[in-house]
Amino acid sequence: QVQLVESGGGLVQPGGSLRLSCVASRSIAGTYISGWYRQAPGNEREPVAFLVSGGQTNYADSVKDRFTISKDNAKNTVYLQMNSLKPEDSAVYYCNVRYGPDTYWGQGTQVTVSS
């Protein structure tokens with residue numbers, strides 16, 4: 001089993017920034033894909049950002065130019081830097097990492113953007 005533990009969520013005012021971290025219990029070097037999803041109350045879980053083979057990144061249109069995904073293999077950690085946060089970014093954010101055919105999810109971390 002692989003455990004993913006997210007942290008860094010919390011309450012922030014509009015225009016503020018947060019950096020989410022996802023620490024894996026297994027090395028993330030060589031993983032096929034790492035990413036983040038989010039789910040707001042009453043809504044479906046939606047993809048937010050992904051880091052794929054070759055280092056290419058993909059972002060949802062709603063977060064482009066504001067969010068940045070990265071990882072540090074030495075720390076077994078995937079990050080999501082979130083800038084210029086908006087109220088509509090409020091959601092539970094989930095880390096997702098795929099090792100070959102196996103996909104793992106974190107427990108989620110709450111992000112609330114409110115004045």
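- Counting heavy atoms from C-beta outward, Val97 and Leu4 have side chains that approach closer than 4.5 Å.
- For Phe67 and Tyr79, the gap between ring centers reaches or exceeds 6.0 Å.
- The shortest heavy-atom contact between Tyr99 and Ala24 is OH-CB, 3.7 Å.
- In terms of heavy atoms, Ala91 sits closest to Ala40 at CB-N, 3.9 Å.
- A salt bridge links Asp61 with Lys64: the distance from a Lys NZ or Arg NE/NH1/NH2 to an Asp or Glu carboxylate oxygen falls below 4.0 Å.
- Under the 4.5 Å side-chain heavy-atom criterion for grouping Ile, Leu, Val, Met, Phe, Trp and Tyr, Leu18 is connected to Val63 within one hydrophobic cluster.
- When all heavy atoms are compared, the tightest approach of Lys86 to Val113 is O-CB, 3.3 Å.
- To the nearest 0.5 Å, atom CD1 of residue Ile33 and atom OG1 of residue Thr103 are 8.5 Å apart.
- In this structure, CD on Gln107 lies 9.0 Å from SG on Cys95, to the nearest 0.5 angstrom.
- Contact of the Arg66 side chain with the Met82 side chain is not registered, since no non-hydrogen atoms from C-beta on lie closer than 4.5 Å.
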>> Assess the residue pair Val111 and Asp89 against the criterion (side-chain contact (heavy atoms from CB on, under 4.5 Å)); give the C-alpha distance rounded to whole Å, side-chain angles, the decisive distance to 0.1 Å, and a yes or no.
In response: CA-CA 8 Å; Val111 172; Asp89 295 319; 5.5 Å; no
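- Counting only distance, with no hydrogens or angles, the side chain of Gln3 and the backbone of Ser25 share no donor-acceptor pair below 3.5 Å.
- Using a 4.5 Å cut-off between side-chain heavy atoms of Ile, Leu, Val, Met, Phe, Trp and Tyr, with links allowed through other members, Val52 and Trp105 fall into the same hydrophobic cluster.
- Taking Glu46 as the reference, Arg38 meet the side-chain contact (heavy atoms from CB on, under 4.5 Å) condition, with sequence neighbours excluded.
- Looking at Tyr93, its side chain never comes within 3.5 Å of a backbone N or O of Leu80 through a donor-acceptor pair.
- When the shell of 6.0 Å around CD of Gln39 is examined, it contains more than 12 heavy atoms from other residues, nucleotides or ligands.
- In this structure, CG in Leu85 is found 12.0 Å from OG in Ser114, a value given to the nearest 0.5 Å.
- At least one side-chain heavy atom of Tyr104 sits less than 4.5 Å from a side-chain heavy atom of Asp102.
- For the residue pair Ala60 and Pro47, the shortest heavy atom distance occurs at CB-O, 3.6 Å.
- Atom OG of Ser7 sits about 8.0 Å away from atom CG of Leu20, to the nearest 0.5 Å.
- To the nearest 0.5 Å, the span separating CG on Asn76 from CD1 on Ile28 amounts to 6.0 Å.
- Residues meeting the side-chain contact (heavy atoms from CB on, under 4.5 Å) test with Gln81, sequence neighbours left out: Ser17, Arg19, Thr68, Asn83.
- Pairing each heavy atom of Trp36 with each of Glu6, the nearest pair is CZ3-CG, 3.7 Å.
- Dense packing is recorded around CG of Asn43, with more than 12 heavy atoms of other residues, nucleotides or ligands lying under 6.0 Å away.
- For Thr57, the side-chain contact (heavy atoms from CB on, under 4.5 Å) partners at least two apart in sequence or on another chain are Leu51, Tyr59, Ile69.
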> Stepwise, does the ring-ring contact (aromatic ring centres under 6.0 Å, His included) test hold for Phe50 with Tyr37?
Replying inline: CA-CA 9 Å; Phe50 292 91; Tyr37 288 72; 5.3 Å; yes
